Amino acid sequence: MVTAAPDWLREEVVTLAWCWRLSRRDGVVIGLTSHDRDLAIDGLVYRAAPGMKPSALETRDAIEAETMDLGGAVTSDAIAARDLDAGRWDGAEMTLFVTDWTAPDAAPITVARGSLGAVERRGAAFTAELQGVTRWLDAPACPATSPSCRAALGDRACRVDLAPRTHVRRVVAVAGRAVTLDAPVGAGAMTYGALMWMAGANCGIEVPVMASEGAVLQLAEAPPAMAELPVRVRLVEGCDKQLATCRDRFGNAVNFRGEAHLPGNDLLTRYPGG
């Protein structure tokens, strides 16, 4: 059913304002508007960001949807350059709509919604791709066979309780991607786990752990900012997704989501003339 355009959109002089509602993965919600002054809409103050703009939009009744780029200048404290560089805005949910800036209480018109792809910053400007809901149609229709487990440690398929495998420690030293804890977690327990900074300049950022040896963890990437040490972190143990680990370490082989004994594609090449 097609909804008729509101009266304010039919006026000879249209007083439109683009508005963006952004919800980060850590729960932070902000509103931005292309107007030159702040607007209060549904209890949220949309801060003036005249440099914000979407790319050219095209709407149609087909199911396929083109991606859209969101561009702007890093001129507002709402979107700080340090947060863009730290990846805090990657994957944020976004709703783009237009409203009448002379009457912001009027029902807005939603133009697009989706999530932000990776955000790129160049100098004082940034761009981000808006990924629509149709991206979920590109997901596999059924799980692919794999010798390793397809579940994530602690999810509904795995069912391992992560509460006793979540720890709080302090980082006492940082050298590139290597961080040193005030106390080790366990022999190899943190490999393929995750570290989340709980204070300081990196607060809220979660980083995968690639390897662990004693109290030293090798992160997937170096911290985006240097925090004052020591600093508290939350650690969640990891799993290498192998059947032996699932059985021996977690006692969870019944929930292993993989085909560890399925012959691989190289089976015929193992024997001459096979």
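Index from 1, following the sequence. We use all heavy atoms of the structure for the numbers below, so side chains are in, but hydrogens, waters and symmetry mates are not. All figures in this text were calculated on a predicted structure; none of them were measured in a lab.
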Do you reckon Met226 sits in the same ILVMFWY cluster as Ile205, going by side-chain contacts under 4.5 Å, direct or chained?
yes
Looking only at heavy atoms, what is the nearest atom pair of Phe256 and Pro147, with distance?
CZ-O, 3.6 Å
SB check Glu93 Arg24 (cutoff 4.0 Å):
no
Step through the shown structure and confirm whether more than 12 heavy atoms of other residues, nucleotides or ligands are within 6.0 Å of CZ on Arg37.
yes
Main-chain N/O of Arg150 paired with Lys241 side-chain donor or acceptor, under 3.5 Å:
no
Taking all atoms of both residues into account, what is the closest heavy-atom pair of Gly188 and Ser212, and its distance?
CA-OG, 3.6 Å
Quick one: does Thr33's side chain have a donor or acceptor within less than 3.5 Å of a partner on His35's backbone?
yes
From OG (Ser148) to CZ (Arg257), nearest 0.5 Å
14.0 Å
So does Trp197 get a backbone contact from the side chain of Asn202, meaning a donor-acceptor N/O pair under 3.5 Å?
no
Joint hydrophobic cluster, Val236 plus Val233, side-chain heavy atoms closer than 4.5 Å:
no
Give the cluster check for Leu229 versus Val207: same hydrophobic cluster or not, with ILVMFWY residues linked at side-chain heavy-atom distances below 4.5 Å.
yes
Thr99 vs Ile109, side-chain contact (heavy atoms from CB on, under 4.5 Å): CA-CA, chis, key distance, verdict
CA-CA 7 Å; Thr99 189; Ile109 299 176; over 6 Å; no
Beyond-backbone contact of Leu181 with Val216, side-chain heavy atoms, under 4.5 angstrom
no
Could you tell me how the ring of Tyr46 sits relative to the ring of Phe97: parallel (under 30°), tilted (30 to 60°) or perpendicular (over 60°)?
perpendicular
First locate atom CE of Met210, then atom CD of Gln218, and finally report the distance between them rounded to the nearest 0.5 Å.
10.0 Å
ILVMFWY cluster, Val185 and Met196 together (side-chain gap under 4.5 Å)
no
Would you call Pro230 and Asp182 a side-chain contact if the rule is heavy atoms closer than 4.5 Å?
no
Quick check: closest heavy atoms across Met94 and Trp20, and the distance to 0.1 Å?
SD-CD1, 3.4 Å
Test log, rule side-chain contact (heavy atoms from CB on, under 4.5 Å), inputs Asn255 and Val160
CA-CA 9 Å; Asn255 291 318; Val160 168; over 6 Å; no
Distance from Thr180 atom OG1 to Arg169 atom CZ, nearest 0.5 Å?
14.0 Å
Do the side chains of Trp89 and Ile30 get nearer than 4.5 Å, heavy atoms only?
yes
Hydrophobic cluster identity match, Leu235 and Val174, side-chain contacts under 4.5 Å
yes
Is Tyr192 close to Val209 at the side-chain level, that is, under 4.5 Å between some pair of heavy atoms?
no
Does the side-chain contact (heavy atoms from CB on, under 4.5 Å) test come out yes or no for Leu195 and Glu206, once each step is laid out?
CA-CA 6 Å; Leu195 176 149; Glu206 185 173 282; over 6 Å; no
Taking everything shown except Asp42 itself, do over 12 heavy atoms lie less than 6.0 Å from its CG?
no
CA sep, side-chain torsions, deciding dist, call: Arg234, Thr166, side-chain contact (heavy atoms from CB on, under 4.5 Å):
CA-CA 7 Å; Arg234 188 189 69 182; Thr166 302; 3.8 Å; yes
Nearest-0.5 Å distance that lies between atom CH2 in Trp18 and atom CG in Leu96:
5.5 Å
Given 3.5 Å as the limit, does a donor-acceptor pair link the side chain of Asp100 with the main chain of Leu16, or not?
no
If I take atom OG1 from residue Thr191 and atom CD from residue Glu213, how far apart are they, to the nearest 0.5 angstrom?
9.5 Å
Straight-line distance of Phe250 CZ to Cys158 SG, nearest 0.5 Å:
7.0 Å
Side-chain contact test, heavy atoms from C-beta onward, threshold under 4.5 Å: evaluate it for Leu22 versus Val29 and give yes or no.
no
Count the heavy atoms of every other residue, nucleotide or ligand shown that sit under 6.0 Å from CZ of Arg249, and state whether that count exceeds 12.
yes
